[in-house]
Amino acid sequence: MTADGTVINSEDSDAAIVQAVMKEWASADSHSGAAMAGYLGPIRYGSQWLVAVRVPVMGTNAKGVPQQAGWSIAYQAMDGLLSSAGLGNVARDGYDFELSQHDPTSRRSRVLWSSSAARRLAEPITRPIRLPADLPQNLRGAELTIAARPQAGWYPAGTLTADAVLLAVVTWLLTLGANDVIRDSNRLRAALAAGKRRLQAVSRRLTKEIEQRQTLQKSFDHARYHDAFTGLPNRGYFVVQLERALHELRTRQRYRIAIVLIDIDRFRLINDTLGHTAGDEVMIQAARRFEHASAAFEGVLARWGGDQFALLLFDVHSSDTAISVAKLLRASLRSPFKLRKHHVSIAARVGVTCVEVGSQRAEDVLREADIALSMAKSQDDTPVVAYDSTMSGDVLGLVSLEADLHVALERDELLLLFQPIVELREGHIIGVEALLRWRHPVEGVLTPDRFLALAEEAGFTVPIPRWTIERACRVVCEWRRRLPPETDFCISINLSAAALRDPSLVDHVASVLQETGTPARALKFELTESGLISNIGAAKEILERLHEMGIQLMLDDFGTGYSSLTHLQLFPFDYVKIDRPLANRSGSQQADQQIMSAMVRMMSSLGLKTIGEVVETAAGAEALQRAGCDFGQGYFFCEPVESEEALGHLRW
């Protein structure tokens, strides 16, 4: 830099460190009253200490007279200096030490480096560390002090006590006189031998206690930084290693690292259906598979959270390499997991981010990986996603949507659309299904797949289902007032798994029916099997109480997912909605017709009525009728419409 403090060239130095060093030196010059060559340090920068040396750069003016042209400054991290000085050998040789610097302003010493867990060493020996004589004059406060003390103390109490006892015995024996020397010599030797044996026993006991303490300390350290179930490093250890890797990027010791976050699918479902012990076993087996898959790569595999793992990769060649490793980890889960008597298939979603610049903070890098994982979880066809800068905007959009959701109920932005359910033989409408929508002021009308999962995460598992039930009952009340008295119809409402976790759901439904004067037979609830199996016991109790009130129940989406006949007998269903009529699918029409007929006959034998969903063509409606299906619903009959238009369809 020039004599007036302007930096001319910093080569490949970190700009933030250069500014920190210059600021500290300007402060030192202001205290000394003049800019002098010398030594400065240590300087605190983030989590490390730096030391620096400044020497003048001489030149000549136009007249050839020597004059100072500027300064040359060199700096280095203190941990590198201490390591090269061999201070680590001091601790291994049985000594604790600390490095401190005296501050003449506050008259206090600040500890820069310590090998002891204690705050300060007790009764140490101290020596100042002076700069080499060939360096320029020191600046104020540059002197360092090193203090050392044996880890076992200067004089171990056990040894002093044993020696004092032995000395007392010998002294007492010598006072007996010369006449007893011969007679007592054997006793003296025996006493000395016994004392020696005692000292040896004490030494062995102390050695054993030290070894036990060291073993216990290692156990504590392992428990602090490792997961109890999988044995993998935990989140704390992973973050420490990530910060170290970022520091190595800054110092050009590494050229690229990658973070891989893995989220296990269906982990909560396994916990709810097979128990938490089975969930722990899944994590253990997954950890072993991930260890085997990542063994060929240099990095750190850790248990990140309840159903997540994290992999830190060192010196990856490119982002494509990191994505390949992520796909390899996901592929290791393909073979089924053996859990007691069950064989369970497990999949995963993976988010990846690569880092080439060490100036990033650890939390920023982890946030990028988490954003990539969130995108992978939101996309059915892309289980492995690499982070790019455009994803931050998508996440901000979700955050904004969640904030708008908090006021959607207050602003009456939620609405219900109604899709008719048609009796296939006669062709008349017997009721409608209430479909939830959100009339967003910016995004337009949003379907539940855009906001319902977000609503559950934001804590709207109770308000939104309750609003839907209240709104549907008021529509029933309004339609009954405007339709002829003999008109019989019903409104079906979808209940999610989150709604079934509301302990006051049944009481709320009863209160709304009474308040609006809605007969229970005019209300039907639709539930999916995936929502029921998350908590079968509680769901069975709630559905039985609703059924006893006179509310009929529908099993939705039969033909997808589990489609277990056990659930048809376990829960008090009245209707089964067959998902997407087989007549609408490609393939053999004769085979599809036979499968549909068999399903309808099976439902009829169980005393259940059938509703064919997603009827989109006349051929589909005719196929349902030939199969003996009772009712149909879909765009072929009518699309979801507003309340007034749905009321008009009921009048026909």
Side-chain angles (χ1 to χ4, degrees), residues 414-439 445-449 452 464-496 499 509 512-513 516-528 546-547 549-558 573-581 608-616 620-621 624-625 629-652:
L414 298 182
L415 74 151
L416 293 181
L417 298 181
F418 303 91
Q419 187 172 40
I421 301 174
V422 179
E423 199 277 328
L424 294 175
R425 184 168 301 175
E426 300 295 333
H428 65 271
I429 298 174
I430 58 101
V432 296
E433 179 182 356
L435 302 172
L436 180 64
R437 298 291 187 267
W438 178 12
R439 188 182 287 110
V445 177
L446 303 180
T447 55
D449 59 304
L452 207 55
I464 291 182
R466 290 193 175 191
W467 179 90
T468 305
I469 294 170
E470 293 174 8
R471 176 61 181 160
C473 288
R474 296 193 185 281
V475 169
V476 170
C477 183
E478 175 67 16
W479 287 359
R480 283 169 55 84
R481 184 180 63 83
R482 298 171 62 181
L483 289 171
E486 66 276 7
T487 305
D488 191 17
F489 68 92
C490 64
I491 292 182
S492 66
I493 303 170
N494 289 282
L495 280 186
S496 65
V509 172
V512 172
L513 292 177
T516 59
T518 303
R521 70 176 185 278
L523 203 62
K524 290 179 172 58
F525 286 137
E526 299 185 18
L527 305 103
T528 62
L546 291 172
H547 200 260
M549 293 169 55
I551 298 175
Q552 293 186 318
L553 304 175
M554 298 182 181
L555 178 60
D556 197 7
D557 292 342
F558 190 81
F573 289 114
D574 303 283
Y575 294 82
V576 172
K577 301 187 79 172
I578 300 175
D579 181 66
R580 190 176 293 276
L608 302 173
K609 296 180 181 180
T610 53
I611 302 174
E613 289 190 286
V614 200
V615 182
E616 299 175 352
L624 284 174
Q625 188 172 357
C629 187
D630 300 302
F631 308 100
Q633 177 184 348
Y635 276 74
F636 172 71
F637 301 109
C638 182
E639 63 181 358
V641 294
E642 297 275 359
S643 174
E644 281 298 319
E645 188 173 348
L647 177 60
H649 287 299
L650 287 174
R651 284 173 172 163
W652 292 350

Handout entry: Flag for S492-E526: side-chain donor and acceptor within less than 3.5 Å
Key = yes
Problem - No-hydrogen, no-angle side-chain donor-acceptor test under 3.5 Å, Q633 and E433 - result: yes
Handout entry: Stepwise side chain to side chain contact (heavy atoms under 4.5 Å, CB included) test for F489 and V476
Key = CA-CA 9 Å; F489 68 92; V476 170; 4.3 Å; yes
Handout entry: Closest approach of Q552 to Y575 (non-hydrogen atoms, all atoms of both residues)
Key = OE1-CE1, 3.3 Å
Less than 4.5 Å apart, any side-chain heavy atom of [X] and any of [Y]?
X    : Y    : value
V509 : I551 : yes
L414 : W467 : yes
L527 : D556 : no
V615 : F637 : yes
N494 : F525 : no
L416 : R437 : no
V614 : Y635 : no
I578 : I611 : no

If you round to the nearest 0.5 Å, how far is [atom2] of [Y] from [atom1] of [X]?
X    : Y    : atom1 : atom2 : result
L624 : D630 : CG    : CG    : 10.5 Å
E644 : W479 : CD    : CH2   : 9.0 Å
M549 : L523 : CE    : CG    : 8.5 Å
F631 : K609 : CZ    : NZ    : 5.0 Å
T468 : L415 : OG1   : CG    : 10.5 Å
E613 : C629 : CD    : SG    : 10.0 Å

Handout entry: Whether over 12 other heavy atoms sit under 6.0 Å from R466 CZ
Key = yes
Problem - Electrostatic pair R482-E478, nearest N-O below 4.0 angstrom - result: yes
Problem - salt_bridge(R439, E642) N-O dist < 4.0 Å - result: yes
Exercise for the section: Name all pairs fulfilling the salt bridge (Lys or Arg N to Asp or Glu O under 4.0 Å) condition that reach into residues 419-428, sequence neighbours left out, sorted by first residue then second. Expected result: none
